[in-house]
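One-based numbering, in listed order, for ligands and for the atoms of each.
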Amino acid sequence: MKYSKIEELRNQKHVHIRDWDFVKSTIENIAKDGPEKLQVVADFDRTLTKHMNKGTVCATCHRVLEEGDHLPEFFRIKATELRDIYFPLEMNPNVPVSEKIPLMIEWWTKAHDLLATCGITKQSIRKMVETSTVMLRDGCVWLFDHLHALDIPLLIFSAGIGDVLEEVIRIQATHHSNMKVVSNYMTFDECDRMVGFQGEMIHVYNKNENAIHNSDYFSNLEKRSNILLLGDGIGDLRMADGATNMTNKLTIGFLNVKIEESLELYMSKYDIVICADESMDVVNSIMKIVTAQ
Ligand code: TMP
Ligand code: MG
């Protein structure tokens with residue numbers, strides 16, 4: 001097996017690897033076990049989607065609803081106010097997670113309560129996605145198609161909005177049968193108006209306690225004991241906590257903002273850290289190696 005490609009990646013300035021021997025041997029082990037043993041768990045916003053495109057910040061699932069004039073002005077103003085308060089706190093490496101959790105619950109609760117007052121309809125979501133700046137990373141379509149072709153399960157675990165992210169995938173890629181989405185899904189009344197969200201709220205720091213970990217999802221995939229985890233936040237590292245029968249796990253983190261301040265923290269948590277790269281190139285190169293037959 002040739003690892004020159006991985007060696008090439010390692011030498012790229014924006015790719016940071018704490019323990020090369022561990023990464024190399026994990027990649028070798030996953031490749032040896034083959035696609036039948038592999039599963040992928042990925043976050044959505046700023047992991048499967050871009051943070052920036054041509055100098056402009058792209059929308060997250062929530063922000064899709066704030067763009068354009070689909071929803072009332074008061075919503076855009078209030079949602080922006082909330083993001084301006086809470087997003088810097090989410091991304092601040094000097095605020096401990098224990099302090100961030102109540103703040104994130106506050107943000108999601110306020111944002112979701114606000115959304116429920118806007119009269120969103122199911123049909124309007126597609127229009128909003130079509131005209132928004134949300135963008136899957138370059139190479140995401142290849143990744144989805146490749147995983148589907150090899151029948152490798154992909155769990156997308158998102159604190160965004162399920163109804164929005166599914167539209168993004170349907171419009172910009174294909175929602176394949178091997179993909180499962182766990183996210184915040186809206187509820188609609190009999191007149192098709194959004195009135196709230198289903199079940200337990202998922203925010204960026206409770207991806208370890210969500211219902212997916214008590215469901216059959218991971219136990220049905222017990223034979224797939226190799227996991228590739230993709231995230232952009234520290235909370236994303238808990239997305240595969242429900243998989244108890246794990247042999248090899250490789251975690252890849254996208255560091256999109258506050259790069260200098262956060263690099264040390266990210267390198268202490270993720271096996272591979274990719275800085276300010278809006279593509280899936282590094283992930284896809286690794287995927288090609290671990291699935292080369
Ligand atoms: P993720 O888990 O798929 O990455 O989604 C969470 C992101 O959504 C997180 O980085 C913050 C963002 N967000 C907004 O942009 N606006 C909002 O109103 C809320 C609640 C979250
Ligand atoms: Mg994210």
Name of whichever N/O/S atom of Asp43 is nearest to the Mg ion (ligand 2)
OD2

At what distance is the nearest protein heavy atom to atom 7 (C) of ligand 1, and which residue and atom is it?
Asp45 OD2, 3.8 Å

For the Mg ion (ligand 2), find the closest N/O/S atom belonging to Asp232 and write down its atom name.
OD1

With backbone taken as N, CA, C and O and side chain as the heavy atoms from C-beta onward, which portion of Lys207 lies under 4.0 Å from ligand 1: side chain, backbone, both, or neither?
side chain

Select one of side chain, backbone, both or neither to describe which atoms of Thr60 lie under 4.0 Å from any atom of ligand 1, heavy atoms only.
side chain

Going by the side-chain hydrogen bond (donor to acceptor under 3.5 Å, both in side chains) test, name the single residue among Thr244, Thr247, Asp33 that passes it with Ser225.
Thr247

Any N or O of Ala111 that comes nearer than 3.5 Å to an N or O of ligand 1?
no

Salt bridge (Lys or Arg N to Asp or Glu O under 4.0 Å), that's the test. Do Arg83 and Glu66 meet it? Break it down for me.
CA-CA 11 Å; Arg83 206 190 18 268; Glu66 295 162 39; 3.0 Å; yes

Looking at Arg83, which atoms of ligand 1 are within less than 4.0 Å of one of its heavy atoms?
15 (O)

Between Arg63 and Asp45, does any NZ, NE, NH1 or NH2 come within less than 4.0 Å of an OD or OE carboxylate oxygen?
no

Stepwise salt bridge (Lys or Arg N to Asp or Glu O under 4.0 Å) check, Asp281 with Arg137
CA-CA 9 Å; Asp281 292 352; Arg137 286 179 188 271; over 6 Å; no

When you measure from the Mg ion (ligand 2) to the N, O or S atoms of Asp45, does any of those distances fall below 2.8 Å?
yes

Can the ring centres of His62 and His112 be said to be less than 6.0 Å apart?
yes

Hey, is ligand 1 close enough to Asp43 that some N/O pair sits below 3.5 Å?
yes

Kindly confirm or rule out a cation-pi arrangement of Lys288 over Trp142, judged by NZ or CZ under 6.0 Å from the six-membered ring centre and within 45° of its axis?
yes

